[in-house]
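Single-structure report; data block below.
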Amino acid sequence: MNAMTPLHHPDPDLLLDYASGALSEAASAMIAAHLTYCPACRAEHARLEAVGGRLLEEEDTVPVHCSSHDLFERIFSEKPKAESSALPALPVELQRLPRPLHPYIARSGNWRSVTRNLAERPLPADGGRLRLMRIRAGQAMPRHTHRGREMVMVLSGGFSDEMGTYERGDFSVTTDAHTHTPIAHAEQDCLCIALVEGHLRLTGVLGFVVNPFLKF
Amino acid sequence: MPATGVGGNVTLLQVPSRPDPFASLVLAVAQTQDRTAFARLFDHFAPRVKSYLLRLGSSDGEAEEAMQEVMISLWRRAGSFDPRLASVSTWLFTIARNRRIDMIRRSRRPEFDPDDPVFRPDEAVDGADSLYETAEDARTLSVALRELPPEQADLIRKAYYEDKSHSAIADELALPLGTVKSRIRLALARLRGALKERR
C-alpha cells in the first residue's frame, strides 16, 4: 500500500482548466479524487484559484440592477436551499474511495466483465466515458489505442506500463500518441478510475472479439 | 471557503503585513451581521462578479441573477471565510465559478472534502514556505499579471474568463495546442516565480 504522496500528477493545464471551471464534469471528478490524496496539487490549485481571484479584482465593472438593500429583502424572505449532506450508500468495498466519486458510484451500474482480466463499472458523468476498472492481479489490460485523451488514476493496488509505475493516487494522462499496456502488480487486483475523451479501439489479437462489448 | 480550505491541522499561519481590507469587512458581516460592511463589499464586488459572469457567456438576466446569488452566499457563508487561506476576491471567484457550473451543467463541481477519511492532510510547513495566498501575494500577483507579455496575458484571461479549455482556445486562435499549453505554462511560471522571489 502506498504510504507516500503520489508521484504522478495531472498536467498543470488540467489543473488550470479545473480551477477555471472549464473542465468537464467527468474529468473534474478525477481531478478532485487526485486532490484528495495530493497536497502538492492542492497547493498548485490554490495558487491557480488565486490568479482567478486577481483577475476578478481587475474586472471591469458593469451596471447591476439591484442595491445591497434590495438584496436584504431577498435574503430575509427566502429560505436558504437545504444542502443535502447525506452521503449516498455505497457497496462496502467502494466506501474507502475519495468522496468526490461517491455520487457517481452510487448512481452507477453493476460491474461487468470485459475480458477475463478486466471488469468495468460505468459511472454516469458528462465529458466522456468514465468508469471504474478492475484489472486482475498480474494481468495486462488488453492493448488499446484511443483517439483523444485518456486519464487513469489508481485507487488501490498498482500497475506498471511503458511510462512508469503507478500506485494509489497516481494520475496518468495519455493521448492518442501512445499505445500502452498497463500490467497490474502481482500482489492484488488493481482498481482504477478512468476516463476516455475519445473512441477506444482495441488492437491486437483480441481486438475483434472484445470491441463489440464496449459501448460508447 | 473555497475548496482549497483544509482542515484544522494546517500549521502555516502567515499574518499579512498589510491586511486585505475586504477581509475585515467579511469578518464584520460574519461576526455582527454588519449591513454597512456588506454594502461596501457589494458595491465593490457585485459589478465585478457580474462582469465575470457576462464574460463567460451569460445573458444580462442570468448574470444578474447569478451575481445576486453569489452575494447572498457571501452573506450566508461569511463565517466560513478564512483570511489566512485566500483573499476575498479569490473566495468570491470560487463561489461565482461554482454557481455558474451549477447553473450551466445542473450538476455541482466535484470537489475534494477535507473531512473525507481518505483525505491526505497538508504537511506542516514553516512560515517561509506558505502554500496559500496572503495579501502580499495578491499584490505581487497583480503586478506580475500586468507585466506578462500580451500573448501570455491574453491566454490566461481566455482560460479563466471564456470557459474554454486549452484545446478550445487552440481551436479558436488557430494555434497548435502545444503552443497554447506552453504559453500558459510560461505565464503561470512567471506568476509563480514572482511569488517565490518575494519570499
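Letters A, B, ... are given to chains in the order of the sequence lines, protein chains preceding strands, and every chain is numbered from 1.
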Quiz item: Between B:W75 and A:F72, how do the two ring planes meet: parallel, tilted or perpendicular, split at 30° and 60°?
Solution: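 Perpendicular, since the angle between the ring planes exceeds 60°.
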
With a 4.5 angstrom heavy-atom cut-off, is it the side chain or the backbone of [X] that approaches chain B, or both, or neither?
{"X": "A:P103", "result": "neither"}
{"X": "A:L48", "result": "both"}
{"X": "A:L23", "result": "backbone"}

Exercise. With chain A as the partner chain, list the residues of residues 54-64 of chain B whose heavy atoms fall under 4.5 Å from it, by residue number, and write 'none' if nothing qualifies.
Key: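 Contacts with chain A: B:L54, B:R55, B:D60, B:E64.
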
Quiz item: By number, which residues in residues 25-32 of chain B have some heavy atom less than 4.5 Å away from chain A?
Solution: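 Not one residue of residues 25-32 of chain B has a heavy atom under 4.5 Å from chain A.
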
Quiz prompt | Most contacts with chain B, counted as non-hydrogen pairs under 4.5 angstrom, among A:H69, A:R96, A:H34, A:M30 | solution =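 Heavy-atom pair counts peak at A:R96.
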
With a 4.5 Å heavy-atom cut-off, do [X] and [Y] have their side chains touching?
{"X": "B:I156", "Y": "A:L55", "answer": "yes"}
{"X": "B:E69", "Y": "A:R74", "answer": "yes"}
{"X": "B:R35", "Y": "A:S68", "answer": "no"}
{"X": "A:H65", "Y": "B:K50", "answer": "yes"}
{"X": "A:P100", "Y": "B:D116", "answer": "yes"}

Can you measure from [atom1] ([X]) to [atom2] ([Y]) and round to the nearest 0.5 angstrom?
{"X": "B:R157", "Y": "A:E59", "atom1": "CZ", "atom2": "CD", "answer": "8.5 Å"}
{"X": "A:S67", "Y": "B:D43", "atom1": "OG", "atom2": "CG", "answer": "9.0 Å"}
{"X": "B:K181", "Y": "A:D11", "atom1": "NZ", "atom2": "CG", "answer": "5.5 Å"}
{"X": "A:S20", "Y": "B:K158", "atom1": "OG", "atom2": "NZ", "answer": "13.5 Å"}
{"X": "B:I95", "Y": "A:L56", "atom1": "CD1", "atom2": "CG", "answer": "10.5 Å"}

Exercise. Test B:I184 against A:L16 for side-chain contact (heavy atoms from CB on, under 4.5 Å), laying out the working first.
Key: CA-CA 9 Å; B:I184 289 181; A:L16 172 51; 3.3 Å; yes

Practice problem: Ignoring hydrogens and angles, tell me if any N or O in the side chain of A:T36 forms a donor-acceptor pair with the backbone of B:F112 under 3.5 Å. | Solution: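 The answer is no, because no donor-acceptor pair under 3.5 Å joins these two groups.
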
Quiz item: Can we say A:R42 and B:E111 salt-bridge, meaning some charged N sits less than 4.0 Å from an Asp/Glu carboxylate O?
Solution: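 No, A:R42 and B:E111 are not salt-bridged.
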
Self-check item: Top contributor to chain A contacts, counting heavy-atom pairs under 4.5 Å, from B:S167, B:S165, B:A96
Solution: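 If we count pairs closer than 4.5 Å to chain A, B:S165 comes out on top.
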
What are the two closest non-hydrogen atoms of [X] and [Y], and how far apart are they?
{"X": "B:S89", "Y": "A:G53", "value": "CB-O, 3.3 Å"}
{"X": "A:Y104", "Y": "B:R108", "value": "OH-O, 4.5 Å"}
{"X": "B:M67", "Y": "A:C66", "value": "CE-SG, 4.3 Å"}
{"X": "B:R97", "Y": "A:A19", "value": "NH1-O, 2.9 Å"}
{"X": "A:V64", "Y": "B:F42", "value": "CG2-CE2, 4.2 Å"}
{"X": "B:I72", "Y": "A:L71", "value": "CG1-CG, 4.0 Å"}

Quiz item: Given A:E57 and B:H44, is the side-chain contact (heavy atoms from CB on, under 4.5 Å) satisfied, shown in steps?
Solution: CA-CA 9 Å; A:E57 184 58 39; B:H44 182 79; 2.7 Å; yes

Quiz item: salt bridge (charged side-chain N to carboxylate O under 4.0 Å, His left out) between B:R185 and A:E44: does it pass, once the steps are laid out?
Solution: CA-CA 13 Å; B:R185 286 185 194 189; A:E44 177 62 15; over 6 Å; no

Heavy-atom contact with chain A under 4.5 Å, split by part of [X]:
{"X": "B:V49", "value": "both"}
{"X": "B:R40", "value": "neither"}
{"X": "B:R76", "value": "side chain"}
{"X": "B:L188", "value": "side chain"}

Quiz item: Given the rule in the side-chain contact (heavy atoms from CB on, under 4.5 Å) test, do B:L141 and A:R47 qualify, once you have shown the distances and angles that lead to the verdict?
Solution: CA-CA 10 Å; B:L141 261 182; A:R47 281 189 286 267; over 6 Å; no

Quiz prompt | Criterion side-chain contact (heavy atoms from CB on, under 4.5 Å) on A:E49 and B:W91, from CA distance to verdict | solution = CA-CA 8 Å; A:E49 288 187 325; B:W91 183 54; over 6 Å; no

Self-check item: A:E58 and B:S142: side chain donor to acceptor below 3.5 Å
Solution: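 Checked: A:E58/B:S142 side chains pair up, N/O donor to acceptor below 3.5 Å.
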
Exercise. Could you tell me whether A:R107 atom CZ has more than 12 heavy atoms of other residues or ligands within 6.0 Å of it?
Key: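 Atom CZ in A:R107 is crowded, with more than 12 foreign heavy atoms closer than 6.0 Å.
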
Quiz item: Is the NZ or CZ atom of A:R99 positioned over B:F119's six-membered ring, under 6.0 angstrom from the centre and within 45° of the axis?
Solution: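 The answer is no; the distance or angle limit is not met.
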
